[in-house]
Enquirer: 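Mind having a look at this structure? Questions to follow.
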Amino acid sequence: MSSFSATEMMTIAAARALKNDDVVFVGIGAPSAACNLARLTHAPDITLIYESGTIGTKPDVLPLSIGDGELCETAVTTVSVPEMFRYWLQGGRISVGFLGGAQIDRFGNINTTVIGDYHTPKIRLPGGGGAPEIASSCQKVFITMKQSLRGFVDKIDFYTSFGHGEGGDHRKRLGITTQGPMLLVTDLAVWEPDPISKEFTVTSLHPGVTRDAVQATVGWTVAFADSVTETPPPTTEELDVLRALHARTDAAHGKKEKAA
Amino acid sequence: MSSFSATEMMTIAAARALKNDDVVFVGIGAPSAACNLARLTHAPDITLIYESGTIGTKPDVLPLSIGDGELCETAVTTVSVPEMFRYWLQGGRISVGFLGGAQIDRFGNINTTVIGDYHTPKIRLPGGGGAPEIASSCQKVFITMKQSLRGFVDKIDFYTSFGHGEGGDHRKRLGITTQGPMLLVTDLAVWEPDPISKEFTVTSLHPGVTRDAVQATVGWTVAFADSVTETPPPTTEELDVLRALHARTDAAHGKKEKAA
Amino acid sequence: MAAITTLKDAIRDNVNSGDTVAFEGFTHLIPFAAAHEVIRQGITDLTLIRMTPDVIYDQLIGMGRVKKVVFSYAGNPGVGLLRRMRDAVENQWPRALEMEEHSHSAMAQAYEAGASGLPCAVFRGYLGADLKRVNPNIKSVTCPFTGEVLAAVPSLRPDVTVIHAQKANRKGDVLIEGIIGVQKEAALAARRVVVTVEEIVDDFGDLHPNLCILPNWTVTALAQVPGGATPSYAHGYYDRDNSAYLEWDKVSADRDLFTTWMQENVLDATPDTFADRIARLKETAA
Amino acid sequence: MAAITTLKDAIRDNVNSGDTVAFEGFTHLIPFAAAHEVIRQGITDLTLIRMTPDVIYDQLIGMGRVKKVVFSYAGNPGVGLLRRMRDAVENQWPRALEMEEHSHSAMAQAYEAGASGLPCAVFRGYLGADLKRVNPNIKSVTCPFTGEVLAAVPSLRPDVTVIHAQKANRKGDVLIEGIIGVQKEAALAARRVVVTVEEIVDDFGDLHPNLCILPNWTVTALAQVPGGATPSYAHGYYDRDNSAYLEWDKVSADRDLFTTWMQENVLDATPDTFADRIARLKETAA
């Protein structure tokens with residue numbers, strides 16, 4: 001086993017959670033790498049959907065945006081954006097939706113809209129995009145985010161997307177029938193919601209990470225599972241495939257940049 | 001000018017009412033012949049739409065059904081049926097919709113659903129199909145029907161599609177913003193709605209047709225316009241083109257029937 | 001994932017007595033072979049959904065397999081009335097038939113709403129029309145911005161949707177071309193989807209990116225049945241058998257003639273009959 | 001009927017100060033050349049609609065041409081934030097910017113409702129989300145069959161929709177391929193439609209029947225502008241200029257740098273600049 005970065009561990013741990021028959025609504029960045037890593041390793045038939053309308057896409061390199069041409073060229077079919085949101089997302093066809101964000105709380109509620117007041121923001125963030133309905137329409141939501149005191153906060157400034165709300169059966173009380181955030185993979189640990197309280201709980205620590213290191217980057221008192229395991233380190237295959245994917249991506253995008 | 005049949009006169013009179021920039025929702029039978037005759041004579045750029053989803057179709061022969069293969073093969077584009085009804089009909093894109101029916105009243109209300117009571121019908125007819133929304137969503141409705149006491153009745157048994165209701169501003173009172181039935185072409189005459197009462201009024205009699213002949217096939221007291229003209233008889237070109245169209249149609253469908 | 005199987009197994013495993021089933025195809029690609037298999041397997045008490053019941057439902061209704069039909073235009077396209085359906089409605093032969101009648105626009109948008117995971121379709125419809133007087137499943141909703149009263153109908157969510165398409169690849173992705181009708185929406189609105197196709201190819205090759213495709217994971221069972229749409233047609237494969245629609249007008253006019261015809265052409269037949277029919281059609285046309 | 005004209009005339013005749021305008025294209029086919037022409041013609045006080053404002057609206061906003069923006073994701077895709085838009089929101093530079101913010105799902109369905117002639121879109125959305133607390137244009141409707149409370153937003157009905165497409169034929173029919181986004185819906189929802197295309201061909205020839213086409217009578221004005229989507233891309237013509245998006249992050253970080261860049265690259269340029277850009281792109285790539 002070679003050495004690996006925390007980001008690599010994060011991507012690989014997220015990839016492992018995906019199954020061969022999953023239909024995944026992919027975002028850009030960490031989710032895109034994790035989804036394509038899964039496809040290139042243990043889940044060759046996984047269906048990757050980007051909200052630009054590309055269904056069953058198999059890009060050779062990671063896209064820079066959710067609408068890159070290669071996503072369309074390698075897709076089973078490319079549909080309009082209204083169809084994507086109506087038939088495929090709202091239609092309940094997606095098993096896993098990936099989310100990330102600027103702020104997250106212990107119940108997987110996410111803010112990507114504003115820091116500060118909505119109408120007089122301290123920082124205006126990009127906004128929700130697909131997130132509000134990804135959070136409610138996908139069967140499950142997986143979250144990938146790097147831990148930091150700025151991001152892992154006791155109280156988020158804005159509910160861009162609803163996770164487990166105040167916990168417990170809050171989703172059900174709002175009439176939401178899907179499971180919501182079922183996995184949080186960070187650069188330090190794997191978190192899963194407590195079955196009853198729905199508070200995200202650390203279930204495995206990445207190799208070499210301590211509980212204190214996790215707590216030091218989180219703005220609430222972290223709950224740890226009764227038995228916290230160690231995340232299995234990346235296998236040689238996982239690392240090789242991920243690094244080759246990144247190398248192809250850099251080469252492709254670097255080349256295009258030079259070309260301009 | 002050769003001699004011509006009442007049906008030919010009906011088709012030709014209907015065709016003349018169509019303009020080169022019209023977008024027409026075509027039905028099968030008389031409307032289809034009229035629309036294609038218009039396209040093959042004075043309105044070469046007319047857009048013909050069949051509810052099967054074919055937009056801008058230019059069939060060489062008249063289709064037997066609204067979903068014949070040739071409609072698709074000669075169309076500018078073929079869309080799904082939900083799109084047809086949502087974007088194109090409901091979206092207000094159609095300038096003229098053609099309707100016919102089993103029963104019509106003086107205000108252009110039409111019945112193609114049942115004779116007798118709806119739940120215990122004397123005769124069960126095919127039903128409305130696209131008619132209820134063609135009647136309200138197209139900018140104008142043109143009606144073609146052969147006159148008969150059975151069909152031109154004082155009171156229809158069922159409002160399959162709404163014309164001018166009880167007349168006057170009845171459409172407006174229901175919140176309908178389109179013009180409704182603006183032309184009725186029969187085998188005997190051309191009828192137009194009175195501007196105020198909206199009652200269909202004979203404005204021209206086909207060559208050789210008397211007022212008595214019109215009245216004899218209509219179940220209410222027919223209103224005639226102040227100045228009733230004679231429908232100009234078919235021109236040689238109109239008759240030639242229409243007959244050639246029918247001959248091609250018979251040959252094509254006859255051939256297919258023999259083939260089976 | 002689509003199970004690639006025989007028509008017999010696809011129907012047996014997916015269509016049950018009492019189910020709500022949509023056999024869709026708008027003039028084009030009507031899944032006749034699958035409907036005949038349903039008749040042969042004795043499946044009954046069906047609630048059938050279809051915009052245009054066409055000859056395919058006239059046959060199921062005449063055979064007494066149908067409890068209720070949800071529809072918008074009950075005609076024999078280009079020919080006239082559906083005589084078996086009319087006999088069921090007017091004379092309860094061979095059994096009474098419940099009807100839920102809509103407009104095309106309502107049905108198309110109700111399938112679309114079903115595919116979109118919504119409980120109802122909201123649209124501008126039935127203005128001044130009597131159907132909303134006789135069909136309790138036509139209600140209304142008021143636009144909270146303009147106050148306009150819009151029509152609402154329940155979305156269509158069949159237990160099973162059965163369609164015929166041109167091609168599938170070995171993975172079970174299904175390609176529909178030409179007049180595509182409401183098949184995609186009817187399929188995505190359903191719990192289970194049975195597809196018959198003209199041919200199964202190794203690979204679609206270099207398809208245009210925006211074609212109408214049902215990915216294999218939206219399809220429950222897939223069977224190759226060449227000619228499976230006759231007397232309807234399959235764009236690129238064979239034409240509509242218009243004479244069969246005309247003939248049906250005569251066959252369906254008489255209960256005994258109908259019964260005999262169904263015995264010979266459906267009950268005593270197999271899915272292979274359809275391949276024979278298009279072979280014969282092509283031969284005579286040549 | 002589509003008037004085939006120059007970009008200059010198409011914009012002059014169809015885009016007025018104070019209009020509500022949608023420039024659409026989802027990453028792919030973003031109509032940059034048309035937006036630059038709007039800037040050059042001094043058109044201002046616009047209400048802009050777009051799911052992803054992208055660099056195209058960052059430029060219009062930074063130039064002070066925008067009164068209000070209706071949007072769902074204000075990022076520089078794959079790069080970061082939109083710095084000019086943020087400066088307008090946070091510091092009112094060069095002017096205050098009204099915002100109406102939705103989710104992607106709401107925007108896509110609101111365009112769809114606009115194309116469908118409906119006053120509002122009814123969908124399942126914003127469950128538990130704060131946007132409906134801060135945006136008064138998010139209301140609800142109750143399904144009359146199930147009692148489910150659904151979200152409702154006003155349909156989008158731009159005065160003008162501006163899009164870029166691959167091809168038009170001489171009649172003015174427009175073909176869009178690849179990632180088709182919401183362009184068809186945005187066009188059909190609008191009162192007027194301006195289209196720029198890579199090329200105008202005599203005839204499409206033998207197109208697949210189900211491709212995404214806007215018939216000429218749905219298009220108000222059409223102009224050929226090769227390269228008109230750069231730094232976005234045109235499937236089959238040229239790739240996305242990712243470096244330009246990265247460069248924008250630097251240009252837009254500074255008000256002066258931005259102003260200089262816009263002067264050189266937009267105000268002092270012409271639509272032909274775009275053809276030059278893709279020629280250069282292709283040359284360097286070869």
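Hydrogens, waters and symmetry mates are skipped; everything else that's a heavy atom, side chains included, is used. Every chain is numbered from 1 and lettered A, B, ... according to where its sequence line falls, protein lines coming before strand lines.
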Enquirer: Just by distance, do the side chain of C:R124 and the backbone of D:G117 share a donor-acceptor pair under 3.5 Å?
Expert: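 The answer is yes, because a donor-acceptor pair under 3.5 Å joins these two groups.
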Enquirer: With a 4.5 Å limit on heavy-atom distance, are the side chains of D:Q109 and C:S116 in contact?
Expert: no
Enquirer: Where on C:E148 is there a heavy atom nearer than 4.5 Å to chain D: the side chain, the backbone, both, or neither?
Expert: side chain
Enquirer: Quick check against the 3.5 Å criterion: does D:N210 have a side-chain atom that pairs as donor or acceptor with the backbone of C:G178?
Expert: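 Side chain of D:N210 to backbone of C:G178, a donor-acceptor pair under 3.5 Å: yes, one is there.
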Enquirer: Heavy atoms only, distances under 4.5 angstrom: which of D:C143, D:P209, D:P119 has the most pairs with chain C? Name it, please.
Expert: D:P119
Enquirer: Tell me, side chain or backbone of C:L150 under 4.5 Å from chain D's heavy atoms, or both, or neither?
Expert: side chain
Enquirer: Hey, which of D:A113, D:C212, D:C120 has the most heavy atom pairs under 4.5 Å with chain C?
Expert: D:C120
Enquirer: Ignoring hydrogens, what is the shortest heavy-atom contact between D:F123 and C:L118? Give both atom names and the distance.
Expert: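 Closest heavy-atom pair between D:F123 and C:L118: CA-CD2, 3.9 Å.
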Enquirer: Counting heavy-atom pairs under 4.5 Å to chain D, which of C:T146, C:T142, C:N137 comes out on top?
Expert: C:N137
Enquirer: With a 4.5 Å cut-off on side-chain heavy atoms, are D:P144 and C:V141 touching?
Expert: yes
Enquirer: Verify the neighbour count for atom NZ of C:K132: are there more than 12 heavy atoms of other residues, nucleotides or ligands below 6.0 Å?
Expert: yes
